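Hydrogens, waters and symmetry mates are skipped; everything else that's a heavy atom, side chains included, is used. Every number for a ligand or one of its atoms is a count from 1 in the order of the listing. What you see is a predicted model, and the numbers here were worked out from it, not measured in a lab.
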Amino acid sequence: MQPIQANGYPILFGENGYQFLNEFIEEKNYSTIFILVDTHSNEWCLNRLLPLLATSKTIEIIEIEAGESEKNIHTCVELWTVMTELGADRKTVLLNLGGGVITDIGGFVAATFKRGIDFIHIPTTLLAMVDAAVGGKNGVDLGTLKNQIGVIKVPQLVLIDTDYLSTLPKNEMRSGLAEMLKHGLIHDAPYWKAFKELSQVDFADFDTLIHRSVAIKNEIVMQDPTEDGIRKALNFGHTLGHAIESYCLESNEKPTLLHGEAVAIGMILESYLSWQKGLITAVEYQEIKTAINAIFDPVTFDQKDLQPILDLLIHDKKNEYGKVQFALLQGIGNIKINQEVENELIIKSFEDYQR
Ligand SMILES: NC(=O)c1ccc[n+]([C@@H]2O[C@H](COP(=O)([O-])OP(=O)(O)OC[C@H]3O[C@@H](n4cnc5c(N)ncnc54)[C@H](O)[C@@H]3O)[C@@H](O)[C@H]2O)c1
């Protein structure tokens, strides 16, 4: 699988990536190597990585509990403290081995430790491979508000090794699939078509699909690394998706949704908005709704859930001048950014989602 050049760093694929990684670490002459894992990537992924790391440098492993609830500033303080106690210095490199929580928080901790040390992402979930580890966004949640604190700083390199996916639970695979579907919907209609009938997806060729997804995300980020324009396309499904994710996290009655599960609902709702704004046809909307509903379990929203979800939209990072901004589909494979939508239409999108 060909490496992909991102803005200032390479994205490497498969076994060959480890040789590059080892040479890179040698060349950089890092003082120590710190590896950040969570409980699951420690259990399932570290035993693959360690034998493949050919280095005589000291390696320190730091572990945090698994889960989104750990992605906060308190965990950062613990990590900065442990790194200091273990003697990390400005020539330390941090290897983030895990899902999007590890790459997000690890990137942020590294970008801010001693004003910034090098970091490398080795994503171990599908979602982190096709999305979180690519593009340089790092950060943590503020309470239940997603990704409110963070920086844009790119890693030294990203190594995507799909062997890690063999232990990933099915619902986590589905969560990553949501972002792959999004990449097709916003940028590549034939790629979307490849997924539309999931039963017809050739999973033997899944590595190629992952590679294409990474390439799409990278193409968009390269055009607009700081999200002043077209990078907002990647937020399709995420404006409502993030609000739903935060709401379900706070609520005792709602199921806690994985990131991709919330984004899947967000994509249906925002496709409805696209249809109502005349940007896609009714047929295209139904096609999207049917395809996503075939993969993801429905979630029920009552009338009383809607106002708190609308309130959460106000905190969306994509808002400008106090206005909620959507990235909506303009036909399948294209996007129109900076779209304002009235609350009544958002409420209608939830009503249609339940039908
Ligand atoms: N920075 C970005 O551009 C960006 C983009 C999308 C999502 N994100 C963030 O990514 C996070 C979600 O990422 P995620 O879905 O990877 O969640 P996650 O990191 O919580 O991983 C999901 C679960 O899988 C476990 N796991 C990881 N690798 C495993 C493996 N190989 N085998 C078995 N279990 C494994 C983890 O321990 C965790 O329990 C969210 O915080 C989201 O905000 C960031």
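Contact annotation: for Thr167 versus ligand 1, heavy atoms closer than 4.0 Å belong to both the backbone and the side chain. Residue contacts with ligand 1, taken as heavy atom pairs separated by less than 4.0 Å, do not involve Leu165 at all. Neither the backbone nor the side chain of Asn138 has any atom closer than 4.0 Å to an atom of ligand 1 (non-hydrogen atoms only). With a 4.0 Å cut-off on non-hydrogen atoms, Leu168 touches ligand 1 through its backbone as well as its side chain. Contact annotation: for Lys137 versus ligand 1, heavy atoms closer than 4.0 Å belong to both the backbone and the side chain.
Taking every heavy atom of Tyr164 and a limit of under 4.0 angstrom, the matching atoms of ligand 1 come to 30 (C), 31 (N). Under a 4.0 Å criterion applied to the non-hydrogen atoms of Gly99, ligand 1 contributes the atoms 16 (O), 19 (O). Close contacts of ligand 1 with Glu68, meaning ligand atoms under 4.0 Å from a residue heavy atom, involve 40 (C), 41 (O). Atoms of ligand 1 lying under 4.0 Å from at least one heavy atom of Lys217, given by number and element, are 3 (O). Atoms of ligand 1 lying under 4.0 Å from at least one heavy atom of Ala66, given by number and element, are 37 (O), 39 (O). Close contacts between ligand 1 and Asp131 involve ligand atoms 5 (C), 6 (C) [criterion: under 4.0 Å to a heavy atom].
Remark: ligand 1 and Val101 share an N or O pair separated by less than 3.5 Å (distance only, no angle test).
Atom CG of residue Leu257 and atom OH of residue Tyr247 lie 12.0 Å apart, to the nearest 0.5 angstrom.
Judged by the shortest distance from any of its heavy atoms, Cys45 lies inside the 4.0 Å radius around the atoms of ligand 1. Not a single heavy atom of Met173 sits less than 4.0 Å from an atom of ligand 1.
When atom types are taken as modelled, the side chain of Asn72 and the backbone of Ser69 share a donor-acceptor pair closer than 3.5 angstrom.
Counting protein heavy atoms only, atom 42 (C) of ligand 1 is closest to Lys146 NZ, 3.6 Å.
The neighbour count for Gln354 CD, taken as heavy atoms of other residues, nucleotides or ligands under 6.0 Å away, is above 12.
With sequence neighbours excluded, the residues satisfying side-chain hydrogen bond (donor to acceptor under 3.5 Å, both in side chains) with Glu179 are Lys182, His238, His259.
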Tabulate below the donor-acceptor pairs under 3.5 Å that side-chain atoms of residues 105-115 make, not counting sequence neighbours, or state none.
residue : atom : partner : partner atom : Å
Thr112  : OG1  : Trp80   : NE1          : 3.4
Thr112  : OG1  : Phe108  : O            : 2.6
Thr112  : OG1  : Val109  : O            : 3.2

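Ring-centre distance between His183 and Tyr191: not below the 6.0 Å cut-off. Aromatic rings from Tyr272 and Tyr353 are positioned such that their centres are separated by 6.0 Å or more.
In this structure, Leu313 and Ile346 have side chains that are in contact, with non-hydrogen atoms separated by less than 4.5 Å.
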